[in-house]
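Report on one structure; see the data block that follows.
First listed ligand is number 1; within each ligand, the first listed atom is number 1. Computed over heavy atoms, backbone and side chain alike; hydrogens, waters and symmetry mates excluded. Owing to the predicted nature of the structure, the values given are computational and were not obtained by experimental measurement.
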Amino acid sequence: MKELEKITTPTIIQLPKILDKRGNLSFFENDNQIPFSIARTYWIFDVPGGEERGGHAFKSQKEFIIALSGSFDVVLHNGKEEIKFSLNRSYYGLYVPEMYWRRMENFSTNSLALIVSDKLFDADDYIRDFENYKKNRNE
Ligand code: TYD
């Protein structure tokens, strides 16, 4: 088993950073830098000041979230406690395993959140009720 696949808790993953006078470059590729194979990419942009995104958990989907531009906070709840990750650089990201309640908040102006996931979009994979989530998580 690859080392990356052993990661089972939310983790900040540093990405390769190729520094260059012409401008810097960073990247990740299928299960070399992140602990899953990518099935889907989406991004969140033009978030008005003070708005929140998320407010749900995924039953099986894993995600990797990067602040490609600007900054925002990802607040995760594991059914017992909350932990906040501030993302503000494009050369690291947050791995979010399945079954973490998550919301994203405190978006800076012009921030851009890139999210890759190991699953295609599936509305049935969402848990949108927090009490229901906690019950499932703590069973
Ligand atoms: P949602 O995941 O609830 O957004 P957030 O967690 O950022 O607040 O998705 C918002 C809407 O977009 C919802 O109607 C589902 C749709 N959607 C897709 O069609 N495909 C996708 O890949 C995603 C992430 C969302």
Heavy-atom check, side chain of [X] versus side chain of [Y], under 4.5 Å:
| X | Y | result |
| --- | --- | --- |
| S108 | S71 | yes |
| S117 | K62 | no |
| N24 | I18 | no |

Tell me if the centroids of the rings in F130 and H56 come within less than 6.0 Å of each other. no
- Query: Are K119 and E98 ion-paired here, with the side-chain N under 4.0 Å from a carboxylate O?
  - Reply: no
Using a 3.5 Å cut-off on N or O atoms only, is Y126 in polar contact with ligand 1?
yes
query = N/O to N/O below 3.5 Å, does that happen between I44 and ligand 1?
reply = no
Check: Can you find a protein heavy atom under 4.0 Å from atom 4 (O) of ligand 1?
Finding: yes
Are there protein heavy-atom neighbours of atom 13 (C) of ligand 1 below 4.0 Å?
no
Is the Lys NZ or Arg CZ of R128 less than 6.0 Å from the centre of Y133's six-membered ring, within 45° of the axis?
-> no
Considering heavy atoms of the protein only, find what lies nearest to [atom] and give residue, atom and distance to 0.1 Å.
| atom | result |
| --- | --- |
| atom 25 (C) of ligand 1 | F121 CE1, 3.7 Å |
| atom 10 (C) of ligand 1 | R53 NH2, 3.8 Å |
| atom 8 (O) of ligand 1 | G54 N, 2.8 Å |
| atom 6 (O) of ligand 1 | H56 NE2, 2.4 Å |
| atom 22 (O) of ligand 1 | R40 NH1, 2.4 Å |

Next item on the list: Kindly determine whether L19 and L25 satisfy side-chain contact (heavy atoms from CB on, under 4.5 Å), including the steps that lead there.
Entry: CA-CA 7 Å; L19 300 178; L25 181 151; over 6 Å; no
Original post:
Touching ligand 1 at all, R128? Heavy atoms, strictly under 4.0 Å?
Top reply: yes
So the atoms of ligand 1 within less than 4.0 Å of a heavy atom of Y42 turn out to be 24 (C)
With heavy atoms and a 4.0 Å threshold, my read on which part of M104 contacts ligand 1 is neither
To the nearest 0.5 Å, atom OH of Y91 lies from atom CG of L15 at 10.5 Å
